[in-house]
Amino acid sequence: MADSLDIGVLASGSGTNLQAIIDAAESGRVHARVRCVISDVPGAQALERAKRHGICAEAVERKDFESKADFEERIVEMLIEHGVKLVCLAGYMRIVGRTVLQAFPDRIINIHPALLPSFPGLEGQRQALDYGVKVAGCTVHFVDEKTDHGPIIRQAAVEVREDDTVETLKARILEQEHRIYPEAIELIAQGKLTLEGRRVRIADR
Ligand code: GRF
């Protein structure tokens with residue numbers, strides 16, 4: 001059986017992906033423990049969710065630091081204090097800078113609500129709908145210095161319906177996000193992933 005992977009989550013908003021990760025970890029479906037949740041937004045619902053599960057939850061605000069490097073230094077300090085081995089971005093609305101990237105090389109993952117490399121950046125679901133695609137979806141990927149760019153771990157497709165609005169499409173994509181994010185974490189916990197350039201190889205598949 002895999003050892004339990006200690007993870008830290010960075011979130012800015014409602015934290016439904018965080019919730020999916022916590023639930024998967026608590027139920028034993030994922031061999032991981034969320035050690036801390038850090039938000040750049042003090043009132044973020046994600047912090048409340050973490051506290052409800054007895055997980056350390058703290059806000060770190062960019063405005064309290066002189067530089068982005070100082071701000072990220074504090075985040076790294078907290079992640080290390082909690083023994084974090086994998087950093088999961090879950091609706092974290094900032095670009096991860098060099099300080100965090102260098103502290104956790106190939107150890108930061110993100111979920112994006114589009115089938116990358118299509119529609120990176122903000123509002124992937126709206127971009128997909130406006131473009132007129134018939135299949136939308138979501139992607140879990142490693143984080144590198146470019147936005148929504150690193151090697152892809154897992155994706156799920158969602159059919160676009162004739163009567164879809166941004167809201168209905170978002171909701172169906174979110175269901176898939178809540179499924180594939182914990183799955184991707186479990187693959188890492190099980191030590192099943194290897195990186196070959198841009199390709200993520202999955203053992204036993
Ligand atoms: C999700 O759609 C995720 O893909 C994107 O931001 C949203 C966060 O939602 N990166 P939540 O905070 O997990 O509910």
Side-chain angles (χ1 to χ4, degrees), residues 5-27 30 32-101 103-104 107-114 119-127 138-141 143 147-148 165-182 184-185:
L5 178 66
D6 291 323
I7 64 186
V9 176
L10 304 189
S12 305
S14 66
T16 65
N17 277 288
L18 164 70
Q19 189 70 56
I21 295 167
I22 294 173
D23 293 346
E26 285 187 351
S27 74
V30 169
R33 278 192 64 174
V34 180
R35 292 292 182 185
C36 69
V37 174
I38 301 171
S39 180
D40 58 320
V41 179
Q45 208 189 323
L47 293 173
E48 293 313 312
R49 289 181 190 272
K51 285 180 196 156
R52 251 181 263 143
H53 290 264
I55 297 165
C56 167
E58 274 188 53
V60 179
E61 284 187 88
R62 171 66 184 89
K63 70 169 176 53
D64 294 336
F65 298 85
E66 250 176 38
S67 65
K68 175 162 177 156
D70 289 348
F71 164 67
E72 289 203 333
E73 200 66 62
R74 177 66 194 129
I75 291 175
V76 167
E77 221 172 70
M78 290 168 69
L79 293 169
I80 291 172
E81 262 168 36
H82 288 92
V84 166
K85 298 289 182 293
L86 177 74
V87 180
C88 299
L89 310 184
Y92 182 62
M93 298 305 285
R94 286 179 184 274
I95 294 170
V96 173
R98 198 170 294 173
T99 308
V100 176
L101 285 170
F104 292 92
R107 288 270 130 185
I108 309 172
I109 62 175
N110 179 43
I111 180 114
H112 180 72
F119 315 122
L122 292 177
E123 294 203 273
Q125 311 95 323
R126 182 185 299 277
Q127 292 185 53
C138 49
T139 304
V140 181
H141 63 94
V143 173
T147 305
D148 302 326
T165 61
V166 175
E167 291 316 312
T168 58
L169 183 59
K170 254 189 192 170
R172 290 206 314 290
I173 292 175
L174 205 52
E175 271 176 35
Q176 296 305 313
E177 294 183 35
H178 297 163
R179 182 176 64 81
I180 68 169
Y181 210 178
I185 294 169

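Predicted model only: the values in this text are computed from it and were never measured. Positions are given from 1 along the sequence.
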List the atom pairs, with distances to 0.1 Å, where a side-chain N or O of residues 166-174 and a protein N or O form a donor-acceptor pair under 3.5 Å, not counting sequence neighbours.
from	atom 1	to	atom 2	distance (Å)
Thr168	OG1	Asp164	OD1	2.6
Thr168	OG1	Thr165	N	2.8
Thr168	OG1	Thr165	O	3.1
Thr168	OG1	Thr165	OG1	3.4
Arg172	NH1	Asp164	OD1	2.9
Arg172	NH2	Glu159	O	2.7
Arg172	NH2	Asp164	OD2	2.8

Point-to-point distance, once rounded to the nearest 0.5 Å, from CD1 of Ile111 to OG1 of Thr139: 7.5 Å
Does the pair Ile80 and Phe104 meet the rule for a side-chain contact (heavy atoms from CB on, under 4.5 Å), with working shown? CA-CA 10 Å; Ile80 291 172; Phe104 292 92; 4.3 Å; yes
Do the non-hydrogen side-chain atoms of Leu89 and His112 ever get within less than 4.5 Å of each other? no
Please round to the nearest 0.5 Å and tell me the distance separating atom NE2 of His82 and atom CD1 of Ile7. 13.5 Å
Greater than 12 external heavy atoms within 6.0 Å of Arg98's CZ: no
Is the shortest side-chain heavy-atom distance between Met78 and Val60 below 4.5 Å? yes
Is the backbone of Gln45 close enough, under 3.5 Å, to the side chain of Ser14 for a donor and an acceptor to pair up by distance? no
Could you tell me whether the side chain of Arg74 reaches within less than 4.5 Å of the side chain of Phe71, counting heavy atoms only? no
One should read off an interatomic distance between Leu122 CG and Thr147 OG1, to the nearest 0.5 angstrom, of 9.0 Å
For Leu47 and Ala59, which heavy atoms make the closest approach, and how far apart are they? CD1-CB, 4.1 Å
Least distance between heavy atoms, Ile108 atom then Leu86 atom: N-CD1, 4.5 Å
Looking only at heavy atoms, which two atoms of Arg49 and Thr16 are closest? And how far apart? NH2-CG2, 3.5 Å
Can you confirm whether Glu61 sits close enough to Pro42 that some side-chain heavy atom of one is under 4.5 Å from a side-chain heavy atom of the other? yes
Carboxylate-amine/guanidinium proximity below 4.0 Å for Asp6 and Arg33: no
The reported gap from CD in Glu58 to CD1 in Ile38 (rounded to nearest 0.5 angstrom) is 7.5 Å
Side-chain touch Cys56/Val37, heavy atoms, less than 4.5 angstrom: no
Provide the closest heavy-atom pair for Glu72 versus Gly97 in the form atom of the first, atom of the second, distance. OE2-N, 2.7 Å
So, taking the atom named CD in Glu48 and the one named CG in Leu18, what distance separates them when rounded to the nearest 0.5 Å? 11.5 Å
Distance-minimising heavy-atom pair for Asp148 and Gly121: OD2-N, 2.7 Å
Regarding Gln19 and His178, do their side chains bring together a donor and an acceptor under 3.5 Å, going by distance alone? no
Just wondering, do Cys88 and Ile185 contact through their side chains at under 4.5 Å, heavy atoms? yes
With Tyr92 via ring pair (Phe, Tyr, Trp, His ring centres under 6.0 Å) - residues at least two apart: none
Just how far is it from atom CZ of Arg62 to atom OG of Ser67, taken to the nearest 0.5 Å? 6.0 Å
Intermediate values then yes/no, side-chain contact (heavy atoms from CB on, under 4.5 Å), Ile109 and Tyr181: CA-CA 9 Å; Ile109 62 175; Tyr181 210 178; 3.5 Å; yes
Using a 3.5 Å distance criterion without hydrogens, assess whether the side chain of Ser12 forms a donor-acceptor pair with backbone atoms of Met93. yes
If you measure from the Lys or Arg side-chain nitrogens to the Asp or Glu carboxylate oxygens, is any gap between Asp40 and Arg94 under 4.0 Å? yes
Just one of Val9, Leu79, Asn110 clears the side chain to side chain contact (heavy atoms under 4.5 Å, CB included) bar with Val87, so which one? Leu79
Taking every non-hydrogen atom, the tightest pair across Ala20 and Pro182: O-CG, 3.9 Å
Show your working on side-chain contact (heavy atoms from CB on, under 4.5 Å) between Lys68 and Ile95 and close with a plain yes or no. CA-CA 10 Å; Lys68 175 162 177 156; Ile95 294 170; 4.2 Å; yes
Val30 and Ile21: side-chain contact (heavy atoms from CB on, under 4.5 Å), yes or no, with the steps? CA-CA 8 Å; Val30 169; Ile21 295 167; 6.0 Å; no
